[in-house]
Amino acid sequence: MSFVFTPPAQASVPVVGSSERFPVRRVYCVGRNYVEHAKEMGFTGREAPFFFLKPADAVVPVNAGETGSIAYPSLTKDLHHEIELVACIGTGGKNIKAADALNHIWGYAVGLDMTRRDLQGEMKKQGRPWCIGKAFEQSAPIGPITPAAQAGDVANAEIWLKVNGQDRQRSTVSKLIWNLSEIIEHISTAWELAPGDLIYTGTPEGVAAVSPGDTLEGGVAGLTPLSVKIAAAR
Ligand code: MN
């Protein structure tokens, strides 16, 4: 087959203990999935889970022991960090039952759902899509993927983020409102999951702004940590 121009490179993420990479198909994200974060965003109570997507080319893979770099995005004056556990789908499916859902997970990684909070807030107010606040270039940094069998008890792992060495977010994955199995069940009723899909599972409380020059270091216990520096605007 020939194309009218060179196709874009396949987005991919490094894998712990392997030279092979995990190819990315779609990036699903769960909104307001920790109680204390829902509260800080002005919401209370258990809502039905809801989702948004980022394009695969928003993924910024960062190798173990390295610090990735993302440009401060255009249009915003309020770029926020959201540290998240990312579930990486290895076996697809439609209408996956929660009881079987974990069998569909190939591995886990630490990710950042970077958010143009001012633009997202404006879109919320106007009842418009969140795309401009969430789905911009370089908005989904991610560390290496640990295969599920080696990832330990991620469902109860500590999750944390520091900015310039100062604590910003610290919680535990056990505080997810909708757990990993329930998330997969819900997403797969609306979409057909496929190998290569990433699911950013939501962020705990403590989201706040970052500036060019800041260094973000985040982790989920048992997984390779993620380090990202905010570069100048472009
Ligand atoms: Mn998020």
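Counting starts at 1 for both ligands and their atoms, in listed order.
A salt bridge is defined here as a Lys NZ or Arg NE, NH1 or NH2 lying under 4.0 Å from an Asp or Glu carboxylate O, and Arg116 with Glu122 fails to meet this definition.
Legend: ring pair (Phe, Tyr, Trp, His ring centres under 6.0 Å) pairs involving residues 87-128, not counting sequence neighbours, sorted by first then second residue: Phe22-Trp106.
Listed by chain and residue number, the protein N/O/S atoms under 2.8 Å of the Mn ion (ligand 1) are Glu82 OE1, Glu84 OE2, Asp113 OD2, with waters left out.
For the pairing with Arg128, the side chain to side chain contact (heavy atoms under 4.5 Å, CB included) check across Lys124, Lys125, Gln126 returns one residue only, Gln126.
A side-chain donor-acceptor contact under 3.5 Å links Thr203 and Gln169. Between Lys134 and Thr115, the side chains place a donor N or O and an acceptor N or O closer than 3.5 Å (distance only, hydrogens not considered).
Ring pair Trp178/Phe51: centre-to-centre distance not below 6.0 Å.
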